[in-house]
Amino acid sequence: MTISVLVVCLGNICRSPMGEAVLRNEALKRGITDIHVDSAGTAAAHLGEDPDDRTIAVCNTNKVPISHSARQVRASDFTSFDYILAADGSNLRALERQVSQSEGSKAAVKLWGSYLPDNKPIPDPYYGGQDGFTKVYEQCVKLSNAFLDEVVGKES
Ligand code: 4NP
């Protein structure tokens with residue numbers, strides 16, 4: 001059975017398209033093909049935009065394919081995705097408000113960081129430099145593996 005995962009941040013141009021690309025890539029490295037990964041933002045400011053140049057740069061450096069057009073979270077995401085993973089607490093709260101208004105939600109809506117014992121948010125790198133994006137990348141790798149360990153299993 002295919003698992004579907006939506007990674008969510010604010011603008012859907014920095015953290016979540018990187019998280020989407022990294023999670024897909026880490027799954028592929030484990031030979032997992034029955035996973036569908038997408039990303040979205042809780043805000044609408046960057047609709048249709050490519051990922052931020054600094055997100056693309058760190059993905060290119062690490063040979064992680066990335067291609068995404070920014071979109072906002074929509075009601076149907078709560079019925080079509082198994083997991084919705086928020087980058088930080090503010091986006092988690094926005095999702096929880098939205099889920100309470102959607103009928104028949106099947107998605108597990110969680111802080112992505114909750115898959116690691118430290119339960120840390122992914123900090124917003126938008127107003128900082130490239131090093132913040134490198135840190136986000138490293139966090140996405142760890143979080144992807146923690147998620148895959150728990151949800152798909154360490155043996156796969
Ligand atoms: P993201 O980063 O939520 O990781 O995509 C941001 C992108 C844009 C803005 C803030 C955060 N912004 O204020 O426009």
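The chain is numbered in sequence order, starting from 1. Since we're looking at a predicted model, the values are computed, not measured. Counting starts at 1 for both ligands and their atoms, following the listed order.
- For Ile13, a nitrogen or oxygen atom sits less than 3.5 Å from a nitrogen or oxygen atom of ligand 1, counting backbone and side chain alike.
- Contact annotation: for Asp52 versus ligand 1, there are no heavy atoms closer than 4.0 Å.
- Residue contacts with ligand 1: His46 is included, with a non-hydrogen atom under 4.0 Å away.
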- Task: Before giving the answer on side-chain contact (heavy atoms from CB on, under 4.5 Å), spell out for His46 and Asn12 the whole-Å C-alpha distance, their side-chain angles and the decisive distance to 0.1 Å.
- Result: CA-CA 7 Å; His46 297 277; Asn12 193 213; over 6 Å; no
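- Annotation: atom 1 (P) of ligand 1 to nearest protein heavy atom, Cys9 SG, 3.4 Å.
- An N or O contact shorter than 3.5 Å is missing between Ala45 and ligand 1 by distance.
- With sequence neighbours excluded, the residues that form a ring pair (Phe, Tyr, Trp, His ring centres under 6.0 Å) with Phe81 are His36.
- Within the listing of ligand 1, atoms 3 (O), 10 (C) sit less than 4.0 angstrom from a heavy atom of Leu10.
- In this structure Tyr137 satisfies the ring pair (Phe, Tyr, Trp, His ring centres under 6.0 Å) test with no other residue, sequence neighbours excluded.
- With hydrogens and angles ignored, the 3.5 Å screen pairs a side-chain donor or acceptor of Gln72 with a backbone N or O of Thr42.
- In terms of protein heavy-atom proximity, atom 13 (O) of ligand 1 is nearest to Tyr127 OH, 3.2 Å.
- The Gly11 neighbourhood of ligand 1 comprises atoms 1 (P), 3 (O), 5 (O), with distances under 4.0 Å to a heavy atom of that residue.
- Between Ser16 and ligand 1, a contact under 3.5 Å exists for no N or O pair.
- Residue Pro125 has no nitrogen or oxygen atom sitting less than 3.5 Å from a nitrogen or oxygen atom of ligand 1, judged on distance alone.
- When only non-hydrogen protein atoms are considered, atom 12 (N) of ligand 1 lies nearest to Tyr126 CE2, 3.6 Å.
- Summarising the local packing, NZ of Lys63 is surrounded by 12 or fewer heavy atoms from other residues, nucleotides or ligands at distances under 6.0 Å.
- Side chain of Ser16 to backbone of Val8: no donor-acceptor contact under 3.5 angstrom is found.
- Screening Leu111, Val7, Ile122, Val22 against Leu143 for a side-chain contact (heavy atoms from CB on, under 4.5 Å) leaves a single residue, Ile122.
- The CG atom of Leu148 sits 4.5 Å away from atom CZ of Arg30, with the distance rounded to the nearest 0.5 Å.
- In this structure, the protein non-hydrogen atom closest to atom 10 (C) of ligand 1 is Asp124 OD2, 3.7 Å.
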